[in-house]
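Below, chains carry the letters A, B, ... as their sequence lines are ordered, and counting in each starts from 1.
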Amino acid sequence: MTRYLITSALPYINGVKHLGTLVGSLLSADVYARFRRAQGFETLAICATDEHGSTTELAAAEAHMDVRAFCDLQYTMQKASGDGFALDWDHFGRSSSRANHELTQHFARLLWKNGHLETRTTKQVYSNADKRFLSDRYVIGTCPHCGYDRARGDQCENCTRVLDPVDLIDPRSALSGSRDIEIRDSTHLFLKQSAFVPKLREWIGGHTQDWPPLVTSIANKWLDEGLKDRGITRDVEWGVPVPDDIADGALKGKVFYVWFDAPIEYIGATREWAEANGKGEAWRDWWFGDAAKDVVYCQFMGKDNVPFHTVGFPVTIMGSGEPWKLVDRLKGFNWLNFEGGKFSTSQQRGVFMDSALEILPADYWRYWLMANAPETSDANFTWEQFAAQLNKDLADVLGNFVNRVTKFCAARFEGCVPSEGSYGAEEDTLIGELDGRVAALAALFEAMEFRKAMAELRAIFVAGNEYLTRAAPWTAIKTDRARAAAAVRMGLNLVHLFGHLAWPVMPTAARRIHESIQDAAEVIPWPDEPMAEFLDDLEYGLQIRVPQVLFQKIADEQVESWKRRFGGADGA
RNA sequence: GGCAGCGUAGCUCAGUGGUAGAGCAGGGGAAUCAUAAUCCCUUGGUCGGGGGUUCAAAUCCCUCCGCUGCUACCA
């Protein structure tokens, strides 16, 4: 039986993530993993923090913390945010783990041995005042093209031209402002990825049907423009050290580039998972050789990550010469914007995972983000649209349905699944419709078409309301108690169904819905039997419980206060 | 500058050669079980502009306009 290995692009360690990161990699992966788990497939959902690199070093310095302590703290916070959003990882690891160090060095040794790495001497900017090499972006100066005096060494933000730090006029360190900088030679390892273009092209060409156009077009663009060999080491301290047995120790004291070790942490975190759960070498069965032949590997990420997952990481794997798994299904997302502007971690603009949970339960966010996922183009978050859609879809269409059915049952049938009456034409029609819709919903989840899946899910809830209006047990009960009983029984079975279908997206609310009828399993399974069976499954006479209001409506005053608290794109 | 994507109803979006669609919002009605929640009907679009191919174009081609992203050392 197929097993599903599911990874989310690793969230960078420098702070709590915003809704854009959540929808594009963390949440979408979780919804897909839950769906597959609900279907009964063995799944392994893996994520981790991406901790290395100069950005982390500088963020830690700014926080006056030791790098490791900074990462420990941020890791704990990100893990807590993930738990708060019910992101049900099998393991949430860290790219700084011993497992990742070993695997990263393992891959590097293989690449070196196979002749896919070479050393090159490059010119790097060194700051005597900061006593460190500076990444291009940490050198600032005057742009030679437009004269902007705070251009960064990698690109001028004013005229958007790509720069080299040596082009800058009056260069200085962005860290200290010191002009005491010099160009030093530095030896680095380069991954000769240009040699892999034919293999990459063939591999990517085989996925034009099952990857979004966004993904294949980005991947092909990189190949078409001529793939350059890429430096995979850096002159920083916080990272995986280059082993001495590569290039006769010529890279002593250097570490691998964060984009080299971060994807390897997908494997590293799987090994962390095995170690944490006493599973020994079982992690290999998800990744390596024939043991992993039944694994379908699915990756979720924002479009900025696509090149590293369609080119960089695959070259690492191909070049190793070992049979590690390549990604099978790659789901990429566009950007989610905030009130017409960009979400920004550095500028703290938008809604972040921790503050989101302060104002509404996770399920509200989970549903809205999946229903508005930026799949075919960038999408926009606005408070007005957010509140309107949640009030309509969750409070009115879903929540109110559960409420009206269970309350009517309590009032007229002693809160028990009625045994009288039998299903007739009205029920047959509904069953026929839902057989089609539930199958369509499953197909959309399988296709990772989350936006359409949410529209289908909503249509299923609407079908329940339509049925109830047609069956009108509140009218029937006056003249034909058996007819009313059958309608209430169907209503309760629909509530039960909704609990099952909603679970991948809204696990907490789905559980409450399910538990209004009967206790729920840890994983609420996907209904795979025909609706004629599923919708007559509840035991006659079963005592149900009217739940508390499932989704509190969002009031206009709340919307206003959130707008004030979080501001808009203009930072107001 | 180069490359890529987008532009469809007031709003958010489906639709990639065959009679322009959905949800929300707006209008009318029904119902009164329910969180005033639901259900039915309905108004609304020269599919960014222009040109071309075709029996037929939102869809393919060219061009112009507008927006966005990427451009390899931020991740």
Side-chain angles (χ1 to χ4, degrees), chain A residues 9-14 21 50 52-56 58 122 124-125 133-139 145 152-155 159-162 164-165 188 193 213-214 217-218 220-222 224-231 234-236 257-259 262 302-308 311-312 334-335 337 342 345-346 371-372 375-380 382 384-385 388-389 391-397 399-412 451-452 454-455 458-459 462 464-477 484 487-488 491 546 548-553:
Chain A
L10 306 189
Y12 200 61
I13 194 74
N14 66 338
T21 309
D50 176 14
H52 295 137
S54 55
T55 306
T56 305
L58 297 169
T122 60
Q124 300 292 321
V125 176
F133 282 96
L134 298 176
S135 300
D136 291 359
R137 67 191 310 248
Y138 290 114
V139 183
H145 303 288
R152 294 192 326 218
D154 55 343
Q155 185 173 26
C159 67
T160 73
R161 256 186 264 230
V162 178
D164 197 279
H188 284 290
Q193 46 185 18
L214 173 74
S217 76
I218 291 174
N220 283 321
K221 194 196 79 173
W222 275 60
D224 293 343
E225 288 182 356
L227 199 54
K228 296 175 194 162
D229 297 339
R230 185 163 196 132
R234 290 293 183 272
D235 289 297
V236 299
Y257 175 38
V258 59
W259 261 115
K303 59 185 170 186
D304 53 332
N305 276 290
V306 168
F308 303 103
V311 176
N334 287 283
W335 303 127
N337 291 319
K342 281 198 239 179
T345 303
S346 56
N372 296 279
E375 292 179 311
T376 55
S377 63
D378 293 352
N380 194 24
T382 67
E384 304 283 358
Q385 195 263 350
Q389 187 169 7
N391 282 345
K392 191 68 180 173
D393 293 1
L394 297 189
D396 296 350
V397 174
N400 182 56
F401 178 83
V402 173
N403 195 41
R404 65 199 293 216
V405 168
T406 53
K407 273 197 173 162
F408 189 77
C409 173
R412 299 306 190 108
R451 220 174 165 121
K452 289 179 182 171
M454 292 306 99
R458 181 190 191 283
V462 167
N465 280 304
E466 290 171 0
Y467 163 78
L468 208 59
T469 298
R470 288 196 304 269
W474 49 87
T475 304
I477 196 148
V488 169
V546 178
Q548 294 295 302
V549 167
L550 281 161
F551 299 100
Q552 206 74 49
K553 291 240 245 184

Student: Within less than 4.0 Å of OP1 or OP2 of B/rG5, is there a side-chain N or O belonging to A/K221?
Tutor: no
Student: Let's see if you can work this out: which of B/rA72, B/rA75, B/rU38 has an atom nearest to the side-chain heavy atoms of A/D304?
Tutor: B/rA75
Student: Name the nucleic acid region contacted by A/R458, choosing base, sugar-phosphate or nothing; use a 4.0 angstrom heavy-atom cut-off, strictly under.
Tutor: sugar-phosphate
Student: Using a distance-only criterion (donor-acceptor N/O pair, under 3.5 Å, no hydrogens), is the base of B/rA34 paired with the side chain of A/N403?
Tutor: no
Student: Could you check which of B/rC24, B/rU12, B/rC39 has an atom nearest any side-chain atom of A/Q385?
Tutor: B/rU12
Student: Can you figure out which of B/rU35, B/rU32, B/rC73 approaches the side chain of A/Q124 most closely?
Tutor: B/rC73
Student: Which nucleotide sits closest to the side chain of A/T55: B/rU12, B/rU68, B/rC74?
Tutor: B/rC74
Student: Measure the distance between the ring centre of A/W474 and the centre of the six-membered base ring of B/rC33, then answer whether it is under 5.5 Å with planes under 30°.
Tutor: yes
Student: Counting C-beta onward and ignoring hydrogens, is there a side-chain heavy-atom pair between A/H188 and A/D235 closer than 4.5 Å?
Tutor: yes
Student: Would you classify A/Y257 as touching base, sugar-phosphate or nothing, given that sugar-phosphate means primed atoms plus P, OP1 and OP2, and contacts are heavy atoms under 4.0 Å?
Tutor: sugar-phosphate
Student: Using the closest heavy atom to pick a nucleotide of RNA chain B for each, name whichever of A/K303 or A/T122 lands nearer the 5' end.
Tutor: A/K303
Student: Heavy atoms from C-beta onward define the side chain here; which of B/rG69, B/rA14, B/rA37 lies closest to that of A/K553?
Tutor: B/rA37
Student: Which is true for A/V258 with a 4.0 Å heavy-atom rule: it touches a base, it touches only sugar-phosphate, or it touches nothing?
Tutor: sugar-phosphate
Student: Does a side-chain N or O of A/K342 approach OP1 or OP2 of B/rG69 to a distance below 4.0 Å, or not?
Tutor: yes
Student: Checking base pairs now: Watson-Crick or wobble, both atom distances under 3.5 Å. What partners B/rA57?
Tutor: none
Student: If you only use heavy atoms from C-beta on, which nucleotide in B/rC33, B/rU32, B/rA4 is closest to the side chain of A/S217?
Tutor: B/rA4
Student: Please tell me which of A/E375 and A/L550 maps to the more 5' nucleotide of RNA chain B, matching each residue to the nucleotide holding its nearest heavy atom.
Tutor: A/E375
Student: Between B/rU35, B/rU38, B/rC73, spot the one nearest the side chain of A/V397, thanks.
Tutor: B/rU38
Student: Out of B/rA34, B/rU12, B/rC74, which nucleotide sits closest to the side chain of A/D154?
Tutor: B/rC74
